[in-house]
Peer 1: 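Shown below is the structure under consideration.
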Number of protein chains: 4
Amino acid sequence: MEYNEKQIHIMDTAEKLFATKGFNGTSVRDIAEAAEVNLAMISYYFGSKEKLLEAVFVYRSEFFKLQLESMIQNKELTPLQKMESLIDEYINKLTSQQYFNTIMLREQMKNSNPLVIAQIYNLKNRNMLLIQELIEEGQKKGVFTNDINIYLLMSTMVGIANHVHMTKQYFAEKQGLQGLSEEALMKKIQMILSQHIKKIFKTILTNEA
Amino acid sequence: MEYNEKQIHIMDTAEKLFATKGFNGTSVRDIAEAAEVNLAMISYYFGSKEKLLEAVFVYRSEFFKLQLESMIQNKELTPLQKMESLIDEYINKLTSQQYFNTIMLREQMKNSNPLVIAQIYNLKNRNMLLIQELIEEGQKKGVFTNDINIYLLMSTMVGIANHVHMTKQYFAEKQGLQGLSEEALMKKIQMILSQHIKKIFKTILTNEA
Amino acid sequence: MEYNEKQIHIMDTAEKLFATKGFNGTSVRDIAEAAEVNLAMISYYFGSKEKLLEAVFVYRSEFFKLQLESMIQNKELTPLQKMESLIDEYINKLTSQQYFNTIMLREQMKNSNPLVIAQIYNLKNRNMLLIQELIEEGQKKGVFTNDINIYLLMSTMVGIANHVHMTKQYFAEKQGLQGLSEEALMKKIQMILSQHIKKIFKTILTNEA
Amino acid sequence: MEYNEKQIHIMDTAEKLFATKGFNGTSVRDIAEAAEVNLAMISYYFGSKEKLLEAVFVYRSEFFKLQLESMIQNKELTPLQKMESLIDEYINKLTSQQYFNTIMLREQMKNSNPLVIAQIYNLKNRNMLLIQELIEEGQKKGVFTNDINIYLLMSTMVGIANHVHMTKQYFAEKQGLQGLSEEALMKKIQMILSQHIKKIFKTILTNEA
DNA sequence: TATGAATGAGGTTTCATTCAT
DNA sequence: AATGAATGAAACCTCATTCAT
């Protein structure tokens with residue numbers, strides 16, 4: 001599917017609103033106004049509000065995919081270093097695609113649109129495969145333990161990172177960081193998260209603190 | 001605030017629907033039909049849909065509070081044992097109050113009703129205090145390390161547990177557990193989660209794998 | 001019809017609200033709350049909101065009747081003096097019964113309840129008779145002219161007085177009297193109105209300025 | 001603000017209903033049915049029932065303004081003749097815009113919409129200025145007395161005319177004019193009112209009967 | 001291709017009244 | 001005699017979508 005500039009603009013606007021106010025909390029009128037396009041355009045381009053959501057998913061999933069292939073092939077990195085790379089890549093995606101990520105979280109909570117669910121599972125499976133590959137490499141090389149539950153590992157990374165992102169306002173308050181700019185706060189969170197998750201992964205993967 | 005049986009029944013019904021379909025995705029009519037009460041009853045008892053949500057929060061928050069006081073005073077348990085107890089208690093609450101928990105997650109995602117936000121922060125702060133107390137006890141006794149970020153620790157427990165709960169269907173598929181009853185699956189997840197989080201906490205708190 | 005204290009209290013409250021917000025703009029709940037009585041009391045005592053309005057009319061009409069009989073019999077007063085007395089009496093009623101008067105004005109504007117219309121016509125007719133009597137006395141004595149349109153005369157008094165009352169806020173602004181207390185303003189208006197209408201009546205009745 | 005035919009049609013219909021049944025006594029459904037438009041059109045065009053009232057006010061105020069500029073400049077008319085012209089113009093407006101006038105009267109009785117109040121004051125102030133101008137001209141020329149209260153003068157004209165209009169049914173009954181067509185009755189009232197108010201004005205302005 | 005106008009359906013809330021006690 | 005609980009009806013408004021152009 002090819003989208004023109006206006007369509008992409010609508011999707012960007014919708015993505016932000018869906019993330020902020022929820023799918024049902026966002027009216028087509030809201031989107032049209034925020035995107036400064038004619039109300040009828042949205043049905044005209046996407047068919048319906050539901051299909052607009054699907055379009056956002058199909059379109060954004062592409063950008064959300066972790067780009068790790070070359071790094072994984074890199075023979076100069078240890079399995080643990082590669083895993084750390086993956087963690088950073090994930091945290092980066094989360095930060096740069098926070099609206100889309102929020103929508104994904106929301107949609108996982110309800111019996112959502114099948115196409116949307118499929119996209120989410122797709123992404124999850126892709127990430128799973130990358131982690132799986134790394135785990136197996138580490139296990140073969142004898143640096144990772146043998147009893148690793150990939151699903152739990154992934155949930156650890158995704159769960160912690162998402163929770164911190166979702167509650168970043170609370171975090172800022174508790175850590176006395178309300179003064180920080182949004183950008184600076186995000187950077188700080190990224191750093192802390194990266195370090196924290198890496199530490200946890202090391203223990204899980206290598207059984208060493 | 002005292003509620004009569006009918007009011008509690010409406011709140012229970014609303015809680016389930018809000019969790020399943022979201023606040024905006026649930027109409028007052030949905031609630032009235034599901035609860036088998038007259039549509040006008042809901043405004044009559046709660047004033048508005050918004051205030052019904054607030055009522056659910058105020059009412060359920062009570063049940064969601066961790067009950068750990070006596071355990072914490074118990075001098076026969078080590079700090080780590082107490083922390084493990086806290087983890088189990090939290091995971092139990094999550095399981096038994098999963099609808100309410102889902103609503104809380106949803107509400108944290110948007111600029112929600114101030115009263116609702118206040119209730120959530122309240123609960124978070126309570127839990128923080130309990131963890132704080134335990135950490136300090138452990139540090140005094142020299143069994144916990146000194147550089148523990150409470151907020152990160154809490155986010156670790158809450159984030160992982162919630163993520164696994166939210167995606168339990170995906171988990172079941174990946175682990176080949178689709179055959180299990182809902183109840184059995186929940187039990188399994190509880191067990192796995194408990195073990196997993198305890199392991200992570202041990203590393204973070206004691207720096208030992 | 002005899003009313004108990006509570007019923008009178010409800011009617012007083014309703015009178016004020018009907019005058020201030022209009023019949024349709026006032027809900028039975030409003031009245032119940034303002035009167036601090038149980039909501040069901042109103043239907044219970046008066047049957048319906050409509051019948052409450054009727055009750056207010058029947059009850060208040062009594063108080064609104066001009067009390068001029070003895071004055072009219074007084075042989076020491078000239079017809080013009082009697083007419084001036086009548087003007088003062090009317091203006092007094094208007095001031096002391098302003099809520100009821102406002103309701104009457106409102107109800108005359110629409111196709112109102114027949115009983116209400118009847119009450120209003122009743123009052124009007126009574127006043128008409130008094131004026132008629134005075135006019136005839138004046139004409140017999142040769143101090144009033146012979147071509148007096150009673151209806152126009154009455155409309156002059158009632159129209160001017162009501163209009164000034166209704167727009168008293170505008171009047172206060174224009175005359176720089178915003179600082180005055182409500183009471184002082186009413187007194188001032190009463191005085192000005194009395195003088196003004198008397199002057200007009202003199203011209204109409206005697207053809208002298 | 002430019003309105004299309006349909007919008008004007010809706011405003012005309014609403015004006016009539018608001019005048020006849022009051023703002024609160026008129027439902028949006030009433031208006032939609034009377035105007036034979038879809039119910040949603042009204043919100044679509046005007047936003048809300050309240051804003052429709054405002055629109056009626058803004059739109060109609062234009063037509064209600066007295067058009068007297070050229071007459072006032074006319075050097076061949078005496079101040080009194082001009083004042084009589086003004087009276088006729090006002091009575092004409094009242095007759096031709098009776099629905100709008102009724103709404104204005106209603107709205108002055110309650111704490112109404114600020115925009116509506118502003119429009120009313122606007123109109124009043126405009127009329128006041130015209131009268132003021134005429135009075136001053138008359139006083140300069142020595143034909144009017146010096147102690148004229150403009151506000152009272154205006155209230156005299158407006159109050160009498162409105163009261164007669166409002167109670168024209170009663171008038172018709174009392175004068176034995178029930179047989180007359182609506183139009184003929186209006187004409188009769190206009191004539192009588194004009195003559196009556198002019199007479200009163202002459203006395204007030206010149207102190208001559 | 002693009003859009004202003006339009007609309008049926010359904011949203012939440014309030015209403016006056018009734019009923020069981 | 002008095003009232004808390006309840007409710008059907010109707011209020012206003014917004015929704016996603018369609019249609020004529």
Side-chain angles (χ1 to χ4, degrees), chain A residues 4 6-7 10 14 23-33 36-53, chain B residues 4-7 10 14 23-33 35-53, chain C residues 4 6-7 10 14 23-33 36-53, chain D residues 3-7 10 23-33 35-53:
Chain A
N4 65 35
K6 215 169 202 173
Q7 286 170 312
I10 291 171
F23 179 74
N24 286 302
T26 305
S27 74
V28 177
R29 195 166 245 102
D30 286 342
I31 299 167
E33 273 165 22
E36 294 181 301
V37 300
N38 182 282
L39 175 60
M41 283 266 44
I42 287 161
S43 294
Y44 177 65
Y45 274 144
F46 299 95
S48 70
K49 188 182 160 189
E50 189 79 24
K51 289 211 184 103
L52 168 57
L53 176 66
Chain B
N4 64 37
E5 269 188 42
K6 211 167 207 172
Q7 286 170 311
I10 291 171
F23 179 75
N24 286 303
T26 306
S27 73
V28 177
R29 187 166 267 108
D30 288 341
I31 299 167
E33 274 165 20
E36 291 182 303
V37 299
N38 181 284
L39 177 60
M41 281 270 43
I42 285 158
S43 293
Y44 175 67
Y45 275 142
F46 300 96
S48 70
K49 187 181 160 190
E50 188 81 24
K51 288 210 185 104
L52 169 56
L53 176 67
Chain C
N4 64 36
K6 214 170 201 173
Q7 286 169 312
I10 291 171
F23 179 73
N24 286 302
T26 305
S27 73
V28 177
R29 196 165 244 103
D30 287 341
I31 300 167
E33 273 165 22
E36 294 181 303
V37 299
N38 182 282
L39 175 60
M41 284 266 44
I42 287 161
S43 294
Y44 176 67
Y45 274 144
F46 299 95
S48 71
K49 187 182 161 188
E50 188 80 24
K51 290 212 183 100
L52 168 57
L53 177 67
Chain D
Y3 294 111
N4 65 36
E5 269 189 42
K6 211 167 207 173
Q7 285 171 313
I10 291 171
F23 178 75
N24 286 302
T26 305
S27 74
V28 177
R29 185 166 266 107
D30 287 341
I31 300 167
E33 274 165 20
E36 292 182 303
V37 299
N38 182 284
L39 176 61
M41 282 271 44
I42 286 159
S43 293
Y44 175 68
Y45 274 142
F46 299 96
S48 70
K49 187 181 158 189
E50 188 80 24
K51 288 209 186 107
L52 169 57
L53 176 67

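Residue numbers begin at 1 in each chain, while the letters A, B, ... track the order of the sequences. Quick caveat, the model's predicted, so the values are computed rather than measured.
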Peer 1: Any chance you could measure C:Arg29, atom CZ, to C:Leu39, atom CG, to the nearest 0.5 Å?
Peer 2: 5.0 Å
Peer 1: Counting any heavy atom closer than 4.0 Å, what does D:Phe46 reach on the DNA or RNA strands: base, sugar-phosphate only, or nothing?
Peer 2: nothing
Peer 1: Fill in the dot-bracket string of DNA chain F, one character per base: . for unpaired, | for a pair to another strand, ( ) or [ ] for pairs within the strand, taking Watson-Crick or G-U pairs under 3.5 Å.
Peer 2: .||||||||||||||||||||
Peer 1: In Å, rounded to the nearest 0.5 Å, how long is the span from CD1 of A:Ile10 to CZ of A:Phe46?
Peer 2: 5.0 Å
Peer 1: What string of B, S and - do you get for nucleotides 11-21 of chain E, 5' to 3', if B is base contact, S is sugar-phosphate-only contact and - is no contact with any protein heavy atom under 4.0 Å?
Peer 2: SBBBSSBB---
Peer 1: Can you tell me how far C1' of F:dG8 sits from CD of B:Glu33, to the nearest Å?
Peer 2: 15 Å
Peer 1: Ignoring hydrogens and angles, tell me if any N or O in the side chain of D:Lys49 forms a donor-acceptor pair with the backbone of D:Phe23 under 3.5 Å.
Peer 2: yes
Peer 1: Specify the closest pair of heavy atoms between B:Asp30 and B:Gly25, including all atoms of both residues, with the distance to one decimal.
Peer 2: OD2-O, 3.9 Å
Peer 1: Indicate yes or no: at least one non-hydrogen side-chain atom of C:Val28 is less than 4.5 angstrom from one of C:Leu52.
Peer 2: no
Peer 1: Between B:Asn38 and B:Asn4, who's closer to the 5' end of DNA chain F by nearest nucleotide?
Peer 2: B:Asn4
Peer 1: Distance check needed: F:dA16 P versus A:Ile42 CD1, whole Å only.
Peer 2: 9 Å
Peer 1: What is the distance from atom CE of B:Met41 to atom CD of B:Gln7, rounded to the nearest 0.5 Å?
Peer 2: 8.0 Å
Peer 1: Name the residue closer to the 5' end of DNA chain F, choosing between C:Met41 and B:Lys6 according to the nucleotide with the nearest heavy atom.
Peer 2: C:Met41
Peer 1: Would you mind reading off the distance between A:Ile10 atom CD1 and F:dA16 atom P, rounded to a whole angstrom?
Peer 2: 14 Å
